[in-house]
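Computed from heavy atoms alone, side chains included, the values below leave out hydrogens, waters and symmetry copies. Please read these numbers as outputs of a predicted model, since none were measured by experiment.
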Amino acid sequence: MSADHPDRGALTAAAVPMPRRGEKPVAAGKVLGAYLRRLRKERGMALKDAAPVIRASVSKISRMERGENPPRERDVLDLLNHYGVKDVQQVQAIRDLLRQATAAAWYDEYSDVTPGWLKRLIGLEDSATEIRTYEVNVVPGLLQTPSYARAVVRSGRPHDSDTETERRVALRIARQKLLDGTSSLQLVALLDESILRRPVGGREVMAEQLQYLLHVAERSRVTIRIVRFTESAQIAPTTPITYLKFAPGGPTELIYLENAIGATYVTNHSDVERYRLLLSELWGVAESRKDTMRLLREAQKGYSAHPS
């Protein structure tokens, strides 16, 4: 479709993704971005053609279409106008989505201890329907006890004040409400065997953490599996991998790779597929639920029997 005739074949009001009551900001942003991308493509425009409309780079409009950053109202309205969207109902529906996408999120109160790359992850967790993660060194943040989380934070940020440490721990624990509430999130956590052997925070803290894993593994939405050294030596990566899947309405999946100073978000389809297959391989060699629970119990008893 030619960009010279933006009104030709304009979408009907029914094609607009209608906002849902209580839509999370990141979820609304992903839906809005997907809609803007569909509008652009239906008008035969490339990213480089649309970017000047909002006085932005190609990378900025690409991030907007992926729902990675809260969009500015002026940018969204300028794009709608350029794409020829004039229908009052359509514009109002987009305004409603825009309002939800830019609304304050619960984790904004922790902005003093939340770098941008982590804030994005928390927002994505809030809107994910499935999270699959492989952890190498520590228990995943969504499954940590306060004492274990405190030890992890202090190890990674030894120069933080006590107040900063407690703020980071409080944020980490608050993220875990996803597993208690009404969300449909399913969590699959693959834990490298080394995690059981590493007494983070000391034996008492580790015993408590392992007891919590035994408890949370009973929940229907949480699956925990241990990946043994002997089974994973040839395929296990040296860094953690997290796969997030989302409901229809925007980009459906991505990979999160965290390192010591930040994180990388992988959205390219072929790269996402490569990491997804690696997680599937790790799942294939992981211990069964029965054996995982046995290993957790044995490790927990070992730490409990020798208090620090």
CA sep, side-chain torsions, deciding dist, call: Glu273, Arg276, salt bridge (Lys or Arg N to Asp or Glu O under 4.0 Å):
CA-CA 5 Å; Glu273 181 68 6; Arg276 191 185 65 75; 2.6 Å; yes
Step-by-step salt bridge (Lys or Arg N to Asp or Glu O under 4.0 Å) determination, Lys245 to Glu253
CA-CA 4 Å; Lys245 184 176 181 179; Glu253 56 184 3; over 6 Å; no
Evaluate Ser59 against Ser57 for side chain to side chain donor-acceptor pair (under 3.5 Å), listing each step before the verdict.
CA-CA 5 Å; Ser59 61; Ser57 63; 2.9 Å; yes
Derivation of the salt bridge (Lys or Arg N to Asp or Glu O under 4.0 Å) call for Lys60 and Asp75
CA-CA 11 Å; Lys60 177 181 176 179; Asp75 291 344; 3.3 Å; yes
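Hydrophobic side-chain contacts under 4.5 Å tie Val169 into a cluster, directly or through other members, with Val153, Ile173.
Contact check for Leu143 versus Leu179: side-chain heavy atoms found under the 4.5 Å cut-off. A 4.5 Å side-chain heavy-atom check between Arg168 and Leu171 finds every atom pair outside the cut-off. Proximity of Val91 to Ile94: side-chain heavy atoms (C-beta onward) are nowhere separated by under 4.5 Å. Side-chain contact between Trp283 and Arg225 is present, with heavy atoms from C-beta onward closer than 4.5 Å. Counting heavy atoms from C-beta on, the side chains of Leu187 and Arg221 never come closer than 4.5 Å. At least one side-chain heavy atom of Leu278 sits less than 4.5 Å from a side-chain heavy atom of Pro237. Contact check for Ile54 versus Leu79: side-chain heavy atoms found under the 4.5 Å cut-off. The shortest side-chain heavy-atom distance between Glu258 and Leu118 does not fall under the 4.5 Å cut-off.
Under a 3.5 Å cut-off, the side chain of Thr145 and the backbone N or O of Tyr148 do form a donor-acceptor pair. A donor-acceptor pair under 3.5 Å links the side-chain atoms of Arg40 to the main chain of Met45, judged by distance alone. Listed for the Asp271 side chain is no donor-acceptor partner under 3.5 Å among the backbone atoms of Asn268. The main-chain N or O of Val152 is never found under 3.5 Å from a side-chain atom of Ser155 such that the two would form a donor-acceptor pair. In terms of modelled atom types and a separation under 3.5 Å, the side chain of Tyr134 and the main chain of Thr239 share no donor-acceptor contact. Between the side chain of Asp192 and the backbone N or O of Ile195 there is no donor-acceptor pair closer than 3.5 Å. A distance-only check finds a donor-acceptor pair linking the side chain of Arg43 to the backbone of Tyr83 [under 3.5 Å]. Side chain of Gln176 to main chain of Gln144: a donor-acceptor pair is present (N/O by atom type, distance under 3.5 Å, no hydrogens or angles). Counting only distance, with no hydrogens or angles, the side chain of Ser194 and the backbone of Asn137 share no donor-acceptor pair below 3.5 Å. Thr133 places a side-chain N or O within 3.5 Å of a backbone atom of Ile241 that can act as its donor or acceptor partner.
A side-chain contact (heavy atoms from CB on, under 4.5 Å) with Leu185 holds for exactly one of Leu244, Ile131, Asp126; it is Ile131.
Among residues at least two apart or in separate chains, salt bridge (charged side-chain N to carboxylate O under 4.0 Å, His left out) pairs with a member in residues 278-290 are Glu218-Arg289.
Using a 4.0 Å cut-off between a side-chain N of Lys or Arg and a carboxylate O of Asp or Glu, Glu130 and Arg132 qualify as a salt bridge. Ionic pairing of Arg99 and Glu73 is not present here: no N-O contact between side-chain nitrogen and carboxylate oxygen is shorter than 4.0 angstrom.
Atoms CG and CG, on Leu32 and Leu97 in that order, are 5.5 Å from each other to the nearest 0.5 Å. Atom-to-atom distance recorded for Ser280:OG and Leu190:CG is 9.5 Å, nearest 0.5 angstrom.
Annotation: Tyr243 is not in aromatic contact with Tyr275 [ring centroid separation under 6.0 Å not met].
Looking only at atom types and distance, the side chain of Arg274 has no donor-acceptor partner in the side chain of Ser270 under 3.5 Å away. Of the N and O atoms on the side chains of Asp96 and Gln92, at least one donor lies less than 3.5 Å from an acceptor on the other residue. Between the side chains of Ser161 and Thr163, no donor N or O sits under 3.5 Å from an acceptor N or O.
Ring geometry for Trp106 versus Tyr110: interplanar angle over 60°, hence perpendicular rather than tilted (30 to 60°).
A cation-pi arrangement is present between Lys30 and Phe246, with the terminal nitrogen or guanidinium carbon under 6.0 Å from the aromatic centre and inside a 45° cone about the axis. Relative to the ring axis of Tyr265, Arg120 places its NZ or CZ within 45° and under 6.0 Å from the centre.
Within 6.0 Å of atom CZ in Arg55, more than 12 heavy atoms from other residues, nucleotides or ligands are found, so the atom counts as buried in its surroundings. The neighbour count for Arg167 CZ, taken as heavy atoms of other residues, nucleotides or ligands under 6.0 Å away, is above 12. The 12-atom threshold is not exceeded at CG of Asp162, counting heavy atoms of other residues, nucleotides or ligands nearer than 6.0 Å.
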